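In what follows, a single structure is set out as structure tokens and then discussed.
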There are 2 protein chains.
Amino acid sequence: MEARKRAILKAVVQEFTTSAVPVGSQILANRYFLNLSSATIRNELSNLADLGYLVQPHTSAGRIPSDQGYRYFVDFLMETEPLPRPVKVFIEEQVQGAPADGQLFVERVAMVVAAVTHNASVVSAAYGPRARIKHLDLVSLDPQAVLLILLMEGNLLRQQVIEISQPVEQGALSRLAGRILKNVAGKDREEVGSLAERLTPGVENEVLSQVLVLLDHFEQGAETLVVHDGVRNLLKQPEFTDTARLHEVLEILEESRHLSALLRQLIMESDLQVVIGSENLTEQLRSCTVVLTTYGPSGRLKGTLGVVGPTRMQYGQIVARLGAVARAASQRLAEIAS
Amino acid sequence: MEARKRAILKAVVQEFTTSAVPVGSQILANRYFLNLSSATIRNELSNLADLGYLVQPHTSAGRIPSDQGYRYFVDFLMETEPLPRPVKVFIEEQVQGAPADGQLFVERVAMVVAAVTHNASVVSAAYGPRARIKHLDLVSLDPQAVLLILLMEGNLLRQQVIEISQPVEQGALSRLAGRILKNVAGKDREEVGSLAERLTPGVENEVLSQVLVLLDHFEQGAETLVVHDGVRNLLKQPEFTDTARLHEVLEILEESRHLSALLRQLIMESDLQVVIGSENLTEQLRSCTVVLTTYGPSGRLKGTLGVVGPTRMQYGQIVARLGAVARAASQRLAEIAS
DNA sequence: ATTAGCACTCCCTCCGCTTGAGTGCCAATT
DNA sequence: AATTGGCACTCAAGCGGAGGGAGTGCTAAT
């Protein structure tokens, strides 16, 4: 595309993302292209519309970017905005002070993302199929019931009540837990699996197989480790004055099953993903953009962190800020979840 | 108030809560009072309005209940609806199958409340100042840093990184944890506090004082243990077609600090609380009703569970269903968090 | 290739009109 | 004395047309 067309497309996106009003040739000529007349710009706009980058809400209105227009903008024209000092400070303070607890950590990060992007945020805990067991403990509830406590890398803590075939009292349980831990500490799902196969039946094996169940549960059910925040930010956007739109989005956000599926399917591919409007496979998100990136202290451990908002969002700013939060979160997690 | 006035007020509330349209004398005469003329009912409606139980949106409209009208209805006229069989089954299945983990348990309960009341739900974890320590463990991170894991009654699990003054390796840590646990198991904040005072300085005391910090943190920061769900249900209600209203409510729901403060202040007083519209001390909830009740396996351990919705809600149904969830949750918690 | 000029389109807002549901009151009825 | 039918009155909501204005597309001139 010629340079001038690109410049005009860029101007349209920038103008529209801040004003939310379809932008006309006059405004572009006055604010962005002082050396061109509005008529020239009209011709270019018309061309850009023919090419599919812009659309007109109705005949006598200005232009707004199509999904394809936003796509071109994000791929070729967008400049990531430098972080304003206060935003940088806010992110660092909040994330550096985030609790070690995996669940609380995720909630904190979601809060920060929502605050700095002024959109809804979505964050999943750092986990992965090769995550290692960090600690394990057994607590006696009644003679045959035991609470299994499992701490994974990323400081994800889970508990599960398990039944054992013969009564064991707390002292023996603690020793058993210590013995098992020696074998499984630092191991991942697969390694523990092969360990369990080699073990003769007995209480130790019963516990191990439950550990496996819990690990698998972790894996599929990353659902429980996805949180969202900042829905209130969406309410301020004109595209959500119609509550029907918002209802669709909330259906996704409040159903963590859907949400985790969405994240998993998207984040496979690359480190920064911008999914614009109709590019979304999820029906309910067709009028939204989802921006996702990953964070994590290591290659094994990956969490997702993202933004959900109207397709009209300030891409440059949001990508920059999301990246900053991701870096801070990775760093903090390396400290506390080593 | 005379019986007939009460009957008419009751009819107005019932009609309005389902239709969301101001109710006129005609409809009442036709559907509820076949032996009275609409003129008679008009007189009664006029009286009820003078008494402050009803208001008129405008001169030539029907009547809607005022906050005072709803208050009278809830105090004297409401009949708790019997649970439909499928609802009963749903509640029991979902709550019986709720995970042992305190956090996940709360999330499950919030989902159930939202589903059966068709409103937004708010649930806090079962906790109290006299909650007892159930288990405690120490995990070595690096030589001087230790992860303290604390399991409380109600299966609330928290972790905190603590610094110790001299390096201790994992084996010794585990023995130390066992020793401390012997002393603190089954004790509450106060008992652990007096224990710590009697202890000579040393690593054991350092750990104990951190346990106290964590317990205090639990206490004030019940904030982290309040979840909400079902905001999407509110979007279907005509009173929230204006997004400004919804924004106010979301400000409260999404700020868990506010939310926990709200719950704490409300639930002090009685076991079932219905706070209607302007009765709310919280500015942003002035057009909402909050219905709260408590649940818990014991007197020591109390959680809150509630509904936030428009003042026009089906009080009888919601109170009944909330109660059913509370009972199921108490029972389930007694099983798993003994 | 650019631009001034101009007719044209169409949304938006305002205004007045009509409709209809509902009220309040009065006089008649039981 | 309570109830009721009758009736004038009120006001929101829906409809349709007029006017304004922002913006376009086209044409002809530069």
Side-chain angles (χ1 to χ4, degrees), chain A residues 1-9 11-16 18-66 69 238-239 241-242 312, chain B residues 1-9 11-16 18-66 69 238-239 241-242 312:
Chain A
M1 206 190 307
E2 309 110 75
R4 198 173 66 183
K5 275 205 180 46
R6 295 159 54 111
I8 289 179
L9 177 54
V12 171
V13 171
Q14 280 176 354
E15 189 62 27
F16 184 63
T18 55
S19 75
V21 173
V23 1
S25 53
Q26 191 102 234
I27 285 175
L28 289 173
N30 290 342
R31 292 198 202 155
Y32 294 82
F33 303 94
L34 297 168
N35 51 340
L36 289 181
S37 79
S38 66
T40 310
I41 293 177
R42 265 203 297 285
N43 288 331
E44 291 285 36
L45 287 178
S46 182
N47 285 339
L48 282 166
D50 290 344
L51 293 170
Y53 295 110
L54 298 177
V55 292
Q56 235 175 338
H58 56 88
T59 328
S60 69
R63 299 305 205 302
I64 66 180
S66 65
E239 22 277 285
T241 44
D242 178 14
R312 181 188 62 78
Chain B
M1 208 192 302
E2 309 110 73
R4 198 174 64 183
K5 274 204 180 48
R6 293 160 55 112
I8 289 180
L9 177 54
V12 170
V13 171
Q14 281 177 353
E15 188 62 25
F16 184 63
T18 55
S19 74
V21 172
V23 1
S25 53
Q26 193 101 233
I27 285 175
L28 289 174
N30 291 343
R31 293 198 202 156
Y32 294 82
F33 303 95
L34 297 167
N35 51 340
L36 289 182
S37 78
S38 67
T40 310
I41 292 178
R42 267 202 294 288
N43 289 331
E44 292 283 37
L45 287 178
S46 182
N47 284 338
L48 282 165
D50 291 343
L51 293 169
Y53 295 110
L54 298 177
V55 292
Q56 236 175 336
H58 56 87
T59 328
S60 69
R63 299 307 206 300
I64 66 179
S66 64
E239 23 277 284
T241 44
D242 177 16
R312 179 187 62 79

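What you are looking at is a predicted structure, and each value in this text was computed from that prediction instead of being measured. Chain letters run A, B, ... following the sequence lines, proteins first and then strands; every chain starts at 1.
With sequence neighbours excluded, no residue forms a side-chain hydrogen bond (donor to acceptor under 3.5 Å, both in side chains) with A:S60. In terms of the side-chain hydrogen bond (donor to acceptor under 3.5 Å, both in side chains) criterion, A:Q14 has no residue partners (sequence neighbours excluded). Scored by the salt bridge (Lys or Arg N to Asp or Glu O under 4.0 Å) test, A:R4 finds A:E44 as partners (sequence neighbours excluded). Qualifying side-chain contact (heavy atoms from CB on, under 4.5 Å) partners for B:S46, counting only residues two or more places apart in sequence or in other chains: B:D50, B:R63.
Sorted by first and then second residue, the side-chain hydrogen bond (donor to acceptor under 3.5 Å, both in side chains) pairs with a member in residues 19-34 of chain B read B:E15-B:R31, B:E15-B:Y32, B:S25-B:R42; sequence neighbours excluded.
Between A:N47 atom CG and D:dG25 atom C1' there is a gap of 13 Å when expressed in whole angstrom units. If you take CD of A:E44 and C1' of D:dC26, they are 17 Å apart, rounded to a whole angstrom. In this structure, A:I41 atom CD1 and D:dG23 atom P are separated by 12 Å, rounded to whole Å. Atom CD in A:E2 sits roughly 10 Å away from atom P in C:dA1 (whole-Å rounding).
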Readout for nucleotides 9-28 of chain C: B = base within 4.0 Å of protein heavy atom, S = sugar-phosphate only, - = neither; 5' to 3' it is BBS---------BSBB----
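When side chains are defined from C-beta on, A:L28 does not count as touching A:L36, because their heavy atoms never get closer than 4.5 Å.
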